[in-house]
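Numbers for residues simply follow the sequence, beginning at 1. Remember, it's 1-based here, ligands and their atoms both numbered in the order they're listed.
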Amino acid sequence: MHLRIPLISVASVAVLSLAACGGGDADPAAYPESEITFVVPFSAGGPTDTVTRLIAEPMAEELGQQIVVQNVEGAGGTVAAGQVSGEAGDGYQVLIHHIGMSTAPALYPDLDYSPLEDFKTVGLITELPMTIVARADFEPETLEELLAYVEENADTVTIANAGVGAASQLCGLLIEQAVGVDLTEVPYDGTGPALTDLIGGQVDFMCDQTPNTVAQIESGDIKAYAVTTPERIEALPDLPTTAEAGLDGVEVASFHGLYVPSDTPDEVVEKLTAALKVALADQNVIDSFADLGTAAVAEDQATPEALTAKLEEQLELWTPIIEASGVTGG
Ligand code: ASP
């Protein structure tokens with residue numbers, strides 16, 4: 001597996017809050033007293049960013065403080081997670097992350113944080129299907145044809161992802177393993193810009209979460225081959241699952257969750273969890289998630305316990321698969 005473009009670890013800030021926000025001696029009972037920053041590990045416009053911006057508004061309303069969204073891209077989401085793990089545990093820096101939280105330890109031997117030890121979990125937000133999609137004029141029309149084409153043209157086919165550690169990279173790795181090829185990967189800071197290049201025809205195909213693909217599949221700007229979950233999804237009822245389309249073993253359901261540094265007081269975590277539950281019950285959030293091919297988790301999953309359990313389960317699932325693949329992010 002080789003990368004054509006060097007991974008760029010640049011933090012670009014969509015809305016950067018440099019306000020003095022709390023500190024180690026902040027009073028948890030008074031939280032929040034100033035604006036809160038939600039740190040997104042991928043660029044603006046991608047699925048993680050979209051989900052964050054949708055929940056930030058009702059959460060801000062519930063918490064009575066502004067929430068600003070900061071995009072800290074790089075190294076498949078590990079730059080942002082490393083940044084937040086080193087922040088003061090006062091609830092003013094909150095990380096949103098996806099399945100990459102559970103794949104990073106196996107991909108990065110020198111990772112400077114532990115997903116389980118350096119964070120407290122706030123709650124699950126969504127569980128997201130992924131779709132295998134291609135530029136509209138890419139030759140293969142079905143998943144079966146795609147697999148055959150990729151096998152025959154492994155030297156020229158390009159696959160986009162959001163860096164080693166991204167959900168798109170994990171899904172692409174599974175496809176490459178299933179076919180037995182080593183494709184040219186084109187990494188981006190997030191799948192927002194990857195989608196732009198897919199639509200523009202600069203890259204052949206990719207695997208991405210539905211919030212980034214449903215509208216473009218419907219408009220015909222890109223073509224879709226399969227959804228990577230065991231069941232078909234309501235937003236794209238005609239799209240077969242990978243198993244139905246003959247690709248066994250490529251099942252990935254990503255998830256989004258909120259995290260804070262491990263020394264954050266429980267009282268602060270409880271306030272964030274309560275606000276998350278309010279956001280997930282918000283009708284605009286429910287409708288928007290449905291349009292994006294996903295759904296808010298049930299209320300009892302928007303909890304620290306549920307996100308920790310999910311993280312533990314996913315670490316156990318992906319670590320041996322990634323270790324066996326020999327892929328590393330550095
Ligand atoms: N969903 C993307 C990925 O994991 C990243 C993003 O949200 O931009 O590949």
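Within the cation-pi definition used here (under 6.0 Å to the ring centroid, within 45° of the axis), K271 does not qualify as a partner of Y31.
For residues 45-75, the set of pairs meeting the ring-ring contact (aromatic ring centres under 6.0 Å, His included) definition, not counting sequence neighbours, is empty.
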Under a 3.5 Å threshold, I'd like every N/O contact between ligand 1 and protein atoms, with atom names and distance.
residue	atom	partner	partner atom	Å
ligand 1	1 (N)	T191	OG1	3.4
ligand 1	1 (N)	D208	OD1	3.2
ligand 1	1 (N)	Q209	OE1	2.2
ligand 1	4 (O)	H98	NE2	2.5
ligand 1	4 (O)	A167	N	2.8
ligand 1	7 (O)	T48	N	3.0
ligand 1	7 (O)	T48	OG1	2.6
ligand 1	8 (O)	T191	N	2.9
ligand 1	8 (O)	T191	OG1	3.3
ligand 1	9 (O)	S168	N	3.1
ligand 1	9 (O)	S168	OG	2.3

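Tested against T213, the residues T191, I132, D208 include a single side-chain contact (heavy atoms from CB on, under 4.5 Å) partner, D208.
For A60, the side-chain contact (heavy atoms from CB on, under 4.5 Å) partners two or more places apart in sequence, or in a different chain, are I67. Residues meeting the ring pair (Phe, Tyr, Trp, His ring centres under 6.0 Å) test with H98, sequence neighbours left out: F42.
The shortest non-hydrogen separation linking N284 to S288 is O-OG, 2.7 Å.
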